[in-house]
Amino acid sequence: EESPLSMLSFLLEVLSSQGLPGSVDLLSAFLETLSCLLAASAITKTYLIYTEQLLMSCTDIVASHIEVSSLLSKPSNLLK
C-alpha cells in the first residue's frame, strides 16, 4: 500500500514535468500543501525534502506563468 506522501510525490513528479498554467488558486494550493508538509514531523526527513523540492518546482512553474495584469485586474485573488 502506498503512503499519502509517496502518492503526493508521484503526483508532483508528473505535474512538474507538465506545462502548468498560471493560476493563483493552484499556486495557493501548492503553498498550502507545502505548509502542511513543513508542519509534519513524523515523516522521514529525506523523503520529505524530496517531496518539498518537487512541490517548490511545481510552485515555481505556476508562479512563472501568472501574468501580473491578471492579478491587477482581479485584486480579490490576492486576498484568498
Side-chain angles (χ1 to χ4, degrees):
E1 181 178 328
E2 296 290 322
S3 72
L5 185 60
S6 64
M7 289 188 290
L8 175 61
S9 293
F10 178 72
L11 174 63
L12 293 171
E13 285 176 6
V14 172
L15 290 176
S16 66
S17 69
Q18 303 299 309
L20 295 170
S23 164
V24 174
D25 291 333
L26 187 55
L27 181 62
S28 177
F30 284 150
L31 292 174
E32 185 176 337
T33 303
L34 181 60
S35 176
C36 291
L37 282 175
L38 293 172
S41 61
I43 300 173
T44 303
K45 197 66 170 173
T46 303
Y47 204 63
L48 177 62
I49 291 169
Y50 174 69
T51 305
E52 289 171 351
Q53 289 173 341
L54 286 170
L55 190 52
M56 290 303 298
S57 175
C58 290
T59 301
D60 184 49
I61 292 168
V62 170
S64 69
H65 288 97
I66 294 176
E67 295 184 23
V68 174
S69 60
S70 69
L71 293 175
L72 296 177
S73 66
K74 299 179 183 178
S76 62
N77 285 341
L78 300 174
L79 302 176
K80 289 185 180 179

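The basis for the numbers below is simple: all heavy atoms, side chains too, and nothing from hydrogens, waters or symmetry mates.
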Next item on the list: Please report the C-alpha distance between Ser9 and Ser6 in whole Å, then the side-chain angles of each, then the deciding distance to 0.1 Å, and finally whether the side chain to side chain donor-acceptor pair (under 3.5 Å) criterion is met.
Entry: CA-CA 5 Å; Ser9 293; Ser6 64; over 6 Å; no
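Between atom CG of residue Leu54 and atom CZ of residue Phe10 there is a gap of 11.5 Å, rounded to the nearest 0.5 Å. The CG atom of Leu34 sits 10.5 Å away from atom OG1 of Thr51, with the distance rounded to the nearest 0.5 Å. Note that OG of Ser35 is 15.0 Å distant from CZ of Phe30, once rounded to the nearest 0.5 Å.
Between the side chain of Thr33 and the backbone N or O of Ala29, at least one donor-acceptor pair lies under 3.5 Å.
Inter-residue side-chain proximity for Leu8 and Leu55 is flagged as unmet; no heavy-atom pair is nearer than 4.5 Å.
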Would you list the atom pairs, donor with acceptor, under 3.5 Å between side chains in residues 13-23 and any protein atom, with sequence neighbours excluded?
from	atom 1	to	atom 2	distance (Å)
Glu13	OE2	Tyr50	OH	2.4
Ser16	OG	Leu12	O	3.0
Ser16	OG	Glu13	O	3.1
Ser17	OG	Val14	O	2.8
Ser23	OG	Asp25	N	3.4
Ser23	OG	Leu26	N	3.1

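When each of Ile61, Asp60, Ile66 is paired with Leu27, the side chain to side chain contact (heavy atoms under 4.5 Å, CB included) condition holds for Ile66 and for no other.
By the rule that hydrophobic residues join a cluster once side-chain heavy atoms approach within less than 4.5 Å of another member, Leu38 and Leu48 end up as members of one cluster.
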